[in-house]
J.: 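Provided herewith is a single structure, encoded as structure tokens, for subsequent inquiry.
Remember, it's 1-based here, ligands and their atoms both numbered in the order they're listed. Along the sequence shown, the residues carry numbers beginning at 1.
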Amino acid sequence: MNSDHRARILVVDDEPANIELLAGIFEDEHEVLFATNGKRALDLAASARPDVILLDVMMPGTDGFQVCEWLKSERATANVPVIFITGVGDTEGEARGLELGAVDYVNKPINPPVVRLRVQHQIELKRARDQLTRMAVTDGLTGLANRRQFEETLERENARLARTGDALSVILMDIDYFKPFNDTLGHVRGDDCLREVSRVLDETISRPADLAARYGGEEFGCILPETALEDAAAVAERVREAIVELGVPHPASEVADHVTASLGVATLHCQPRQSALRVVARADEQLYRAKAEGRNRVCAAGSAER
Ligand SMILES: [Mg+2]
């Protein structure tokens, strides 16, 4: 969805007069793209990611049904709502379109107020769905990925890297003495602290394939695909330093007068039929060791434990 309130509508019709009519209905409120054949429609749908597609059934060459089938079979376009434009009294076509995954249909001749409302309805539904999808994988307080996304990403990356036997590293991190921080300064300051630390984490864990997540409470997790233990430990050390540099005052810490964090690092050599959760358990052991050894430090699993 575009960031402003304009949606992007793809109109597919072989008759320029229909495209003109439909564009006229929407172009004040929304961005309208158009294609006059199926092939062009598929290209545009994949590249421009429209929010709604208005699709003529009757077109020479690739007809609307074929276009719809292809759209629904491709991951990039499967969730884009398709509204069929059908001929007068074409009830068979309407049924077939809905079977193929279209969300609605409109009849020719085009009735502008009806088309406008039906399209608007689908735009609103898609916005709500997109927002739910985002919320389901995002931590509301910090905006980082949530634990669910962390676990899904871990399994997916493990499966992907198992093909090459590549390494995947995990960092687990706890903010030191966070409960005393909250007890002393209150939960509003506690939430501010979580957001600040999250921002630092997000900035430091910055390669495209990396993921930084809020694992729960004051605990964070990072996934670093194709990263050896030593490199992951270096990243963890940069995170630790950046949190120290934030200089958030922490009157209740026993290790510093500012907020610090403890980090555990472990590496998995990905193999088929092996659960990636093992690496989280090992990173957790290292986190526990970092705390036991005095906090505000990074501990990494030794090579013997690989
Ligand atoms: Mg036509």
J.: Decide yes or no for Ile85 and Asn18: does some side-chain heavy atom of the first lie under 4.5 Å from some side-chain heavy atom of the second?
T.: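 A side-chain contact under 4.5 Å is absent here.
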J.: Give me the ring orientation class for Phe181 and Phe178: parallel if the planes are under 30° apart, tilted from 30 to 60°, perpendicular past 60°.
T.: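 Because their plane-to-plane angle is under 30°, the rings of Phe181 and Phe178 count as parallel.
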J.: Quick one: does Val12's side chain get under 4.5 Å of Asp56's, heavy atoms only?
T.: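 Side-chain contact under 4.5 Å: no.
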J.: Is any N, O or S atom of Glu15 under 2.8 Å away from the Mg ion (ligand 1)?
T.: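 Checking the Mg ion (ligand 1) against Glu15, no N, O or S atom falls under 2.8 Å.
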J.: Would Asp13 count as a contact for the Mg ion (ligand 1), in the sense that one of its N, O or S atoms lies under 2.8 Å from it?
T.: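 It does not; every qualifying atom lies at 2.8 Å or beyond.
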J.: Could you tell me which N, O or S atom of Asp56 is nearest to the Mg ion (ligand 1)?
T.: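 When I compare the N, O and S atoms of Asp56, OD2 is nearest to the Mg ion (ligand 1).
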J.: Count the heavy atoms of every other residue, nucleotide or ligand shown that sit under 6.0 Å from CZ of Arg207, and state whether that count exceeds 12.
T.: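 More than 12 heavy atoms, drawn from other residues, nucleotides or ligands, come within 6.0 Å of this atom.
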J.: Measure from the Mg ion (ligand 1) to every N/O/S atom of Asp14 and report the name of the nearest one.
T.: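 This turns out to be OD1.
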J.: Within the 4.5 Å heavy-atom criterion, are Leu141 and Asp191 side-chain neighbours or not?
T.: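 Leu141 reaches Asp191 side chain to side chain.
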J.: Is the distance from the Mg ion (ligand 1) to the nearest N/O/S atom of Met59 under 2.8 Å?
T.: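 Checking the Mg ion (ligand 1) against Met59, no N, O or S atom falls under 2.8 Å.
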